[in-house]
Protein chains: 2
Amino acid sequence: MLNNPASGEKRTAQLDELDRRLLSLLSENSRRTNNSLAEELGIAASTCLARLNALRDSGVISRFTIEVNPQVLGRELEALIFVKIRPGARHLMSTFASDMRSKPGVQQLFFLGGADDFVLHIAVRNSADVRQFVLDNLSANPAVATTQTSLVFEHSHGTDEY
Amino acid sequence: MLNNPASGEKRTAQLDELDRRLLSLLSENSRRTNNSLAEELGIAASTCLARLNALRDSGVISRFTIEVNPQVLGRELEALIFVKIRPGARHLMSTFASDMRSKPGVQQLFFLGGADDFVLHIAVRNSADVRQFVLDNLSANPAVATTQTSLVFEHSHGTDEY
DNA sequence: ATTGAAATTGTGTGGAC
DNA sequence: GTCCACACAATTTCAAT
């Protein structure tokens, strides 16, 4: 069980088997009722609720959310865009990052150390939209030195065990 | 409202304003009670439930899940690993992909067209673990031609509006 | 497609081990 | 930390519009 259920500040949480199973169940369906979770784990509902709250409060669970399928919303095409910032504009990197996060179609943003400075993961309708995205948001941006775009053929999540 | 709430097969769903607001609320907290969602949207609980079920059944919501903070679990370091598959081993790409998804620490896997064939997003304890991951899972793999690893300084999600 | 009402089911607290 | 019991709240079905 968690070392420090109430603080929300602790650096590293120690999970027991019950916590790990609970995380797995919630990953599969975060909307399952507490009763149903408790039953599957073989514990009382109130115990399960306490565990769940502790996982949330300690920051192990950063949020309960949904996965939206971009394709069903007409965004058939995903791409990764690798971006290099100009050497003289590196002080603009954090502004650039927060600007990008709110552009339509942006799914994720990675701020990197290494050959590229950023990787943008976008989901848009078609290849014309990819082009438009790069032209409007990147090529036009004076902080951007170069970009390189790769289409995403498949995207999957890890099946980590906690 | 959705064209086709019950099929789960339709390619593109047409959302109205209510659906979009519901998706937003559920993105922020997928565990909110149906009553609370209904109240905020200004509709009856039973209507809200019908909308929510339609969004799930039509595939717009692919799952209700949680975000787990890797750092709180002792995975302090994230990296992207860019992988090129050997020209003579391209038929092994899909096997490679499904092998990788289940390795400990793998968060995401992108299957790309372009300069690199894959991007792996991993979260591990420290730089020794990154090295170990690459040696064990990539360098040792005969299908892999080259890898290039970049540390992730920051990772954020888009704030898309649906 | 939306609703309100009703029956079922779930949540969350407090006291006991 | 876990459990049970209980009061309160939420879910889900259904007939009506």
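Note: hydrogens, waters and symmetry copies are ignored here, and every other heavy atom, side chains too, is used. Numbered from 1 within each chain, the chains take letters A, B, ... in sequence-line order.
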May I ask you to test the A:Q14-A:D19 pair for a side-chain heavy-atom distance under 4.5 Å? no

Measure the distance from [atom1] on [X] to [atom2] on [N] and round it to the nearest whole Å.
| X | N | atom1 | atom2 | result |
| --- | --- | --- | --- | --- |
| B:D57 | C:dA1 | CG | P | 14 Å |
| B:E40 | D:dA10 | CD | P | 15 Å |
| A:L41 | D:dC3 | CG | P | 11 Å |
| B:F64 | D:dT11 | CZ | P | 12 Å |

Criterion side chain to side chain contact (heavy atoms under 4.5 Å, CB included) against A:L22, the qualifying member of A:L55, A:L15, A:I43: A:L55

Determine, step by step, whether B:S150 and B:Q148 satisfy the side chain to side chain donor-acceptor pair (under 3.5 Å) criterion, reporting the C-alpha distance in whole Å, the side-chain angles of both residues, the deciding distance to 0.1 Å, and the verdict. CA-CA 7 Å; B:S150 291; B:Q148 191 246 302; 3.1 Å; yes

Tell me, with the steps shown, if A:Q108 and B:Q108 meet side chain to side chain donor-acceptor pair (under 3.5 Å). CA-CA 12 Å; A:Q108 300 180 75; B:Q108 300 180 77; 2.7 Å; yes

Salt-bridge contact B:R75-B:D129 (side-chain N to carboxylate O under 4.0 Å): no

How does protein reach along nucleotides 3-13 of chain C, written 5' to 3' as B (base within reach of a heavy atom under 4.0 Å), S (only sugar-phosphate), or - (no contact)? BB-----BBBB

Aromatic centroids of B:F118 and B:F82 separated by under 6.0 Å: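 No, the ring of B:F82 stays outside the 6.0 Å limit from the ring of B:F118, centre to centre.
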
